[in-house]
Amino acid sequence: MNYKLLTLFITAAVSTPAAAQQNGITDTRNSKYAVVNSTPIDAVKWNGGFWGERFGVFSGTSVQSMWETWKSDEGKSYNNFLIAAGKKKGKRHGPPFHDGDMYKWLEAVAAVYAVNKDPELDKIMDDVIDLIARSQRPDGYLHTPVIIADRLKAEKQSGQIASDEAKENENIGTKVGTSGDGRFGNPLNFEAYNLGHLITAGIIHKRATGKTTLFDCAVKAADCLYDFYMNPSADALEKGVICPSHYMAVTEMYRETGNQKYLELSKQLINIRDSVKNGTDDNQDRIPFRQQYNAMGHSVRANYLYAGVADLYVEDGEAQLKKNLDAIWNDLVNRKMYINGACGALYDGTSPDGTEYNPDLIQKVHQSYGRPYQLPHSTAHNETCANIGNMLLNWRMFQATADAKYTDLVENCLYNSILCGISLDGTEYFYTNPLRMSDELPYDLRWPNERVKYISCFCCPPNTLRTLCEAQDYAYSVGKGEIYVNLYGANTLNTKLEGIGEITLEQKTDYPWDGNVALTIAKLKGKKDFTLKLRIPAWCKGARILVNGEPVNADTSSESYAAVTRQWKKGDTVTLDMPMEAKLIEANPLVEECRGQVAVQRGPILYCIESNDLGGADIDNIAIPADAKFTPVETTIEGSRIMALETEAVDRGETSWQGTLYREINDNNKKVKIRLIPYYAWGNRGKSEMTVWIPVKL
C-alpha cells in the first residue's frame, strides 16, 4: 500500500495560504438563512488516528489507482475526453453519465491537494483540465458523445476520416438522445447531471488551488444551463429533473460568484418541475415539489433533489420549501432509511401512488424508496450514491438549523453506508450495499457481491472517493462566536474566525474506537470569549466535559451540542468523555425482516458477523443472547486497524435448510465464540457470507 502522500499530509504546514481563505465544500458565509458555515477547505488536517489512516489510503493509493483505471482500456471516460479534445482518434464508450464520473474523481484529487499540496496531483489535474477545456463548446455545453459526434462529422466533411467511422460515432450520439444542435435532447442523456458535477469540481478546484482553469469551464457550464432553463420550451421542461446534481451546483456557483443569475436559476430549476406533465415518482415530478411530504421514487435522484432544495432554502428562505424538507426528512429517517443511513431499498420497485390496474399507468421506479418500512436485507439495493445523497442532505439541513440530529446522520453515513463502498486497501468498490449476503440465495443479485476495481456503472466509486477525501471538511463548523465540533478524530483545525482571530485547535482521540476526546487551543492571541459546541451523539449516554481537568456544568443530552462558553486562552484543554458500550439495537416491528433480530452498534460503528469469524458455524444458525456481553478486541484487516467485538453466541443447529421451507424449531443451544467486525470492513478477506441483523436468543 502506498503511504507516500500520508507522510506529505502529516508533515504539511498548518498555515492557511491566501488562495484557500475561501470556504470549504459549501460556502454559506453570506447565506441569509444559514446558521452555521463550513471551515476553509484546507483548514482541517487529520493527524493519524482512524481518519488519518483512511485519508492516507485515499490520498496515497485510491486517487492514483483510479487514475490508472481511467487510463486503462477498461476505464472509458478519460479516453472519451482525449477523443473529444482532438488528441486521439476513436469512438466514444461508456454510459451517458460517464463524463460526470471523471469530474467527481477530479474533485477528489482537488480535495486531497488542498491538504497535501502534492505537485504530482497538481500536474495530473492540469492535464485533465486542459482536455476538458478543449472539449467544451464556446457556449459552455459539454457532453462527450455529442462533442465526439460533431468532431467526426466535421472530419468526415473535410475528408480526414472515412464516412463509415463518422457514421458509427454519429449513431452513438443519436442513441444517447441528441437532437437539433445536440444539446439536451433526452433527459436520460444526463447532460445537466454531468455539467452539475463539472461545476462543483471547478469550484472545489479553485478553492483548493487558487487557479481558475477548471472554474472557468464551470462558469461556462453554469451559463449554458442558465441559457437553456431560464427560457425553456414546453418540450424542455422535464429535462431538468433527472438526477439533479446541478441543483446543488448552481447554488454553490451563486455563493462563489455572488451573481444573482445563478440564484434565479436555482429557483427556476425547482419551479419548472411543477410544469411537468405526466411525471413519475421515479423522477419526483408526478406532483409539484411543494406538494410533496414523503420521500419517494429513485433514491439517488430524490436525495440530490432534496439536498438541492435545502441549498436553495439556505439562500432564499422560502418557508414552504423548509416545510417540505422537514416532512420528507421525517419520512425518510423514521420509515424508509436503513440503520446505517443507507437509502433505496429496492433495485426495481413500483410506485405505490402512481399505479392503477391499467398497465399503461403502472410506474416502475428504479433504486426505489419503496413503501414505509419496506427494508429487505439480502436484496437491499442501497446504492452508495444514494447514501452520499443522504449525507449531503443532512449536512445542508444542519447548516440551516445547527441541529445535532443532522450531523449525527452525517457521521452515520460516513462510517456505515459510504465507507463500506470502498475496500480497505482503497482500490476496489461496491455499487450496492446489502445488509445480508448469503451463499444460499437461490438467484444472482444484479450487481457484484464482491468489491471490484471497475464497475460498468461507475458512478459510485468516484463519488465515494470524493466524499471521503472531503471528510475533514465536515469536522467543524462556525457560527457567530461559536465553533461547532461535528466529527471526532485526531486532527488540527487552523483557521481565522471573525471576532476571534487566528486560532488552532488540536484534537487528540482514538475515536471511533474510544470515546475520550481532548481538544487543546494550540494557538490564540490573548484571551477571547467564545463558545465551543461539542456534539453529543445520539448513541451516547452519560457524557462528561472537563476544562483543564475541572468538570463543567454543561447540558450533555444525547443528540445535541453541549455548549462550553468561557474566556479562552492558549493551552486550554477541553476533555469530552463519552462512555462507549456495545449495544443491541432492535427495529420497529413494522420492519418485518427485522422481527426477532438485533443489530450490534458500538459508538458510531455498526457491526456485522462474517462467515470468516464463526469457527465453522453456519451463519444462519447463529443467535445472540439478549444479555450478551461484548469484549472489544483490537485487530487488523488488510493492514487497517479495527476494533472487533467478541461474544458468546448460540449455534442453534447444524442441519441444513437446503430444500426445506419450514421445520420444527431446533432446541440445540450449543455455545460458540464469535467475532463481529465493523460493517464497513466486511468483504475484505475474500468472498464471504455476512449479516448485520442477527436472531436474538431470549
Side-chain angles (χ1 to χ4, degrees), residues 23 26-38 226 229-230 237 240-241 244-255 258-276 279 281 283-297 301-337 343 353 369 372 389-410 477-480 482 484 559-561:
N23 259 32
T26 49
D27 184 358
T28 56
R29 287 175 296 174
N30 299 314
S31 302
K32 185 176 179 181
Y33 296 91
V35 179
V36 295
N37 185 42
S38 306
Y226 181 89
Y229 287 118
M230 290 308 293
L237 288 174
V241 302
S245 69
H246 51 301
Y247 288 23
M248 291 177 278
V250 297
T251 303
E252 200 62 38
M253 180 61 78
Y254 163 68
R255 293 168 180 160
N259 192 328
Q260 285 287 330
K261 66 185 285 186
Y262 302 123
L263 183 58
E264 294 171 14
L265 175 57
S266 180
K267 297 176 185 178
Q268 173 77 340
L269 288 170
I270 303 300
N271 292 337
I272 62 176
R273 302 179 69 90
D274 297 353
S275 302
V276 174
D281 281 342
N283 292 317
Q284 294 76 46
D285 59 356
R286 180 177 56 81
I287 59 176
F289 179 78
R290 291 172 177 84
Q291 296 176 22
Q292 294 180 24
Y293 296 97
N294 294 297
M296 66 176 69
R301 299 174 185 180
N303 290 353
Y304 277 20
L305 167 64
Y306 306 149
V309 173
D311 265 333
L312 176 57
Y313 168 76
V314 167
E315 301 303 325
D316 187 62
E318 184 186 333
Q320 179 59 45
L321 294 182
K322 182 63 161 51
K323 183 178 179 181
N324 296 118
L325 289 171
D326 287 341
I328 288 168
W329 187 90
N330 281 315
D331 180 54
L332 190 165
V333 171
N334 296 317
R335 303 200 299 173
K336 295 174 181 173
M337 187 182 76
C343 301
D353 299 309
Y369 268 116
N390 190 22
M391 190 274 291
L392 295 175
L393 166 63
N394 279 278
W395 177 248
R396 285 155 174 79
M397 294 295 282
F398 169 66
Q399 290 186 306
T401 63
D403 193 325
K405 69 182 182 182
Y406 300 117
T407 35
D408 252 31
L409 277 171
V410 168
S477 296
V478 295
K480 190 173 182 180
E482 301 168 325
Y484 289 75
E559 201 176 68
S560 68
Y561 279 89

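Predicted, not measured: the structure shown is a model, and the values here were computed from it.
- Glu482 and Tyr484 share a donor-acceptor pair across their side chains, judged by distance under 3.5 Å alone.
- Outside the 6.0 Å centre-distance limit, the rings of Tyr247 and Tyr304 are not counted as a close aromatic pair.
- Residues Asn330 and Asp326 bring no donor and acceptor atom of their side chains to less than 3.5 Å of each other.
- Residues Tyr254 and Asn259 are not in side-chain contact: their nearest non-hydrogen atoms beyond the backbone lie 4.5 Å or more apart.
- In this structure, the side chains of Leu392 and Trp395 stay at 4.5 Å or more apart for every pair of heavy atoms.
- Using modelled atom types and a 3.5 Å distance limit, the side chains of Tyr229 and Asn271 yield no donor-acceptor pair.
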Practice prompt. Show your reasoning for whether salt bridge (Lys or Arg N to Asp or Glu O under 4.0 Å) applies to Arg255 and Asp311.
Written response: CA-CA 10 Å; Arg255 293 168 180 160; Asp311 265 333; 3.0 Å; yes
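- Checked by atom type and distance alone, the side chain of Asn37 pairs as donor or acceptor with a backbone atom of Thr28 at under 3.5 Å.
- Between Asn390 and Leu332, some side-chain heavy-atom pair lies under the 4.5 Å cut-off.
- Ring centers of Tyr561 and Phe398: under 6.0 Å apart, within the cut-off.
- Taking the side chain as every heavy atom from C-beta outward, Gln284 and Arg273 approach each other to under 4.5 Å.
- At least one side-chain heavy atom of Lys322 sits less than 4.5 Å from a side-chain heavy atom of Thr401.
- Here the side chains of Gln399 and Ser38 are in contact, with some heavy-atom distance below 4.5 Å.
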Item to complete: Show your reasoning for whether side-chain contact (heavy atoms from CB on, under 4.5 Å) applies to Lys267 and Glu318.
Response: CA-CA 10 Å; Lys267 297 176 185 178; Glu318 184 186 333; over 6 Å; no
